[in-house]
Amino acid sequence: MLPDLHTRHLFFTGKGGVGKTSLASACAVQLAEAGRRVLLVSTDPASNLDEVLETRLSDVPTPVAGVPGLSALNIDPEAAAAAYRERMVGPYRGLLPEAAIRSMEEQFSGGCTVEIAAFDAFAALLAGSGVAGDFDHVVFDTAPTGHTLRLLTLPSAWSEFLSTNTTGTSCLGPLAGLEHNRAIYAGAVAALTDAAVTTVVLVARPEVAALREAERSRHELAELGVANQVLAINGLFDAPSEDPVAQAMARRHRDALAAMPAALATLPRSCTGFIARGLVGLEALRALLHPVPRPSDSTASTAPEMPALALPPGLAPLVDDIERAGHGLVMTMGKGGVGKTTVAAAVAVELAARGHRVLLSTTDPAAHLAWSLDEAVPGLTVQRIDPAAEVARHRDEVLARAGAGLDPSARAMLEEDLRSPCTEEIAVFRAFAATVAQAVDGFVVLDTAPTGHTVLLMDSAEAYHREVGRTRGDLPEAVVKLLPRLRDPAFTRVMIVTLAEATPVHEAERLQDDLRRAGIEPFAWVIEQSLLASGTTDPMLAERGRCERPWVQQVMTRDARRCALLAWQARAPVGARALRELASR
């Protein structure tokens, strides 16, 4: 069942890989079949909208063959960010030293720039002018975050403060050139907060992490006056089966929904069932909209036999190589929900079990709680870097130094700037640096690490000088040595964690590009939660496993120098014994 949607603007938002593009496409087709004129717009850099609609798209509306009334376009946020970056930096070329130009370019290379540049591109669509004026509905695959909307609604965002106080460690730089679009943005924000015009669809898998992210988005958007929200649960598995993997998955989905945050549970809700092959192609979309009863024996697999695929090994060979150095840093990186905390914990527990002194450090409060309450492991110390505490400390330092002489409007802008994701990364950077220093004498395993963009930002002498000037005024030794350590493959091993699906793989590829841009070469990729490797005999889950094959092959042959594959676990790997089993395969 799809959400019941009627407003002109429809926004689909949620964590990567939850199915935003699939549900947005299905709803767009449904509206078009009802005789409406629909424009489907994607601002997701990992979008596979072309594949879903079987139509080659560009940045102008393209009719979707076979679906009268439906057109679609892709806003390329990376291209929009590049054009935006050049508008900001271009006038200074030849006037400033090359080092200063490089620093400015890096300031406009982060995720906040991409977000704001994408908003710049689709604000005109929200205004209802130009190409959007020919359509009854505009469906957006990926909505702006609450942080971006707060920045654009602050009156001080348009003050002189932006041009005189931008820094390399904030979102103020990306906003600095938007004055000429002020009226368009005001109209766009007004449309977003008008319940008669806009609906925001929070898309989530029936999993704890995805529902937690949906609740965070619900709260942020509600605070900004975006009240017309609905919840779309995607991929709910409840098929009866004797297969233990199928039973475990159904149980996890039920438990996650039962434990859903209370405020999120009050929203109007739709549930779309688990679809083995996903919603790719117009035939699959129509099959969802117009299901046909199947014979009772249709669950038997009719897929042709596929040639055998030599699957990658598990974690054991990677742990063996890590151990040979006798000490060093292991960093697990990836988008939320892909399983990087489990990988980090498994590696840490196995190294400790082999007699090494290991520090497992995490910024995930839930993960820290789980491991600290489970059981003690000889040789293993668990540490939590509290992002909230680090941000609070950083915020107080910046406000005391840079905010003292600001008027209330400019100070409000600075305070919002300090709530950005970029600021959180910078705030925990020093804590990471101190933790990494301990890997000289033992093993340090970091669950969640600074992104390549943050590393490059801190590597810019100009950017870091400004940051130090507005905080402590000194340069800790751990920070001085951090970048060379991160770039030393004999000291640091980065493990990129992903799933065998389109969006997570594409996002992992961008992460790898960022790391390489920062001079950090990943040690290995780890594909988590694979149904292909699970041994499931359930027809639907086995079919999904077969759909993983091309992504596993791509990671093995194109993306990763080394690759590990971890099977979907019927029992969650909690506890030292289960983690050691995971790491020893």
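Note that the coordinates shown come from a computational prediction; the quantities given were computed from them, not determined experimentally. What you see below is based on every heavy atom in this structure, not just the backbone, and it leaves out hydrogens, waters and symmetry mates.
No side-chain donor-acceptor contact under 3.5 Å links Glu528 and Thr498. With hydrogens and angles left out, the side-chain atoms of His219 and Glu223 include a donor and acceptor closer than 3.5 Å.
Atom CG of Leu192 is separated from atom CG of Leu221 by 8.5 Å, given to the nearest 0.5 angstrom. A distance of 4.5 Å separates CD in Glu350 from CZ in Arg580, rounded to the nearest 0.5 Å. For the atom pair CD of Gln438 and CG of Leu329, the computed distance is 11.0 Å after rounding to the nearest 0.5 Å. Considering CG of Leu257 and CD1 of Ile233, their distance stands at 5.5 Å, rounded to 0.5 Å. Atom OG1 in Thr332 sits 15.0 Å away from atom CZ in Arg493 (nearest 0.5 Å). A distance of 10.0 Å separates CD of Gln383 from OG1 of Thr362, quoted to the nearest 0.5 Å.
Residues Thr381 and Val358 fail the side-chain proximity criterion, which asks for heavy atoms closer than 4.5 Å. Using a 4.5 Å cut-off on side-chain heavy atoms (C-beta onward), Ser361 and Val445 make no contact. No side-chain heavy atom of Leu499 sits less than 4.5 Å from a side-chain heavy atom of Ile527. Glu323 has its side chain within reach of Arg354: a pair of non-hydrogen atoms, C-beta onward, lies under 4.5 Å apart. The side-chain heavy atoms of Leu486 and Met331, taken from C-beta on, include a pair separated by under 4.5 Å. Between Leu566 and Leu315, the closest side-chain pair of non-hydrogen atoms falls below 4.5 Å. Within the 4.5 Å cutoff, the side chain of Ile322 has heavy atoms near those of the Met495 side chain. No side-chain heavy atom of Leu318 sits under 4.5 Å from any side-chain heavy atom of Val347.
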Side chain to side chain contact (heavy atoms under 4.5 Å, CB included) between Thr435 and Ile385, intermediate numbers included: CA-CA 9 Å; Thr435 301; Ile385 297 173; 3.8 Å; yes
Under the criterion side chain to side chain contact (heavy atoms under 4.5 Å, CB included), I'd like the reasoning laid out for Leu211 against Arg205: C-alpha separation, chi angles, the key distance, then a yes or no. CA-CA 7 Å; Leu211 291 169; Arg205 299 281 189 189; over 6 Å; no
Step by step, would you call Val349 with Leu380 a side chain to side chain contact (heavy atoms under 4.5 Å, CB included)? CA-CA 7 Å; Val349 168; Leu380 175 63; 3.9 Å; yes
Should Trp525 and Arg562 be marked as a side chain to side chain contact (heavy atoms under 4.5 Å, CB included) after you check the CA-CA gap, both sets of side-chain angles, and the distance that decides it? CA-CA 6 Å; Trp525 283 43; Arg562 302 189 64 177; over 6 Å; no
Would you please test Arg212 and Glu215 for salt bridge (charged side-chain N to carboxylate O under 4.0 Å, His left out) and show each step? CA-CA 5 Å; Arg212 187 166 57 231; Glu215 166 58 17; over 6 Å; no
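A donor-acceptor pair under 3.5 Å is formed between the side chain of His327 and the backbone N or O of Ala439. One N or O on the side chain of Asn234 and one on the backbone of Val18 form a donor-acceptor pair closer than 3.5 Å. Formation of a donor-acceptor pair under 3.5 Å by the Lys340 side chain with backbone atoms of Val497 is not found in this model. Looking at Thr492, its side chain does come within 3.5 Å of a backbone N or O of Arg485 through a donor-acceptor pair. Arg516 places no side-chain N or O within 3.5 Å of a backbone atom of Leu511 that could act as its donor or acceptor partner. Thr266 places a side-chain N or O within donor-acceptor distance of the main-chain N or O of Ala263, the cut-off being under 3.5 Å. With hydrogens and angles disregarded, a donor-acceptor distance shorter than 3.5 Å links the side chain of Gln512 to the backbone of Asp559. Of the possible donor and acceptor atoms, none in the side chain of Lys20 sits under 3.5 Å from a partner among the backbone N and O of Asp141.
Considering every non-hydrogen atom in both Asp447 and Ala344, the closest pair reads CB-CB, 3.8 Å. Taking every heavy atom of both residues into account, Ala210 and Ala204 meet most closely at O-CB, 3.9 Å. Heavy-atom minimum distance, Pro206 versus Ala256: O-CB, 3.4 Å. In terms of heavy-atom proximity, Ala348 sits nearest to Leu360 at CB-CB, 4.1 Å. Between Ala191 and Thr198, the shortest heavy-atom distance links the atoms O-OG1, 2.7 Å. For the pair Pro378 and Ala352, the tightest heavy-atom approach, listed with the atom from each and the gap, is O-CB, 3.7 Å.
Residues satisfying the salt bridge (Lys or Arg N to Asp or Glu O under 4.0 Å) test with Arg93, not counting sequence neighbours, are Glu86, Glu105. Partners of Glu207 under the salt bridge (Lys or Arg N to Asp or Glu O under 4.0 Å) rule, at least two apart in sequence or in another chain, do not exist in this structure.
Around atom CZ of Arg357, no more than 12 heavy atoms belonging to other residues, nucleotides or ligands sit under 6.0 Å away.
Comment: Arg393 engages Glu390 in a salt bridge, judged by a side-chain N to carboxylate O separation of less than 4.0 angstrom. With respect to Glu521 and Arg561, a salt bridge is recorded, a charged nitrogen being found less than 4.0 Å from a carboxylate O. Salt bridge present: Asp514 and Arg517 bring a charged side-chain N and a carboxylate O closer than 4.0 Å.
The aromatic rings of Phe140 and Phe11 lie parallel to each other, their planes meeting at an angle below 30°, with 60° marking the opposite boundary.
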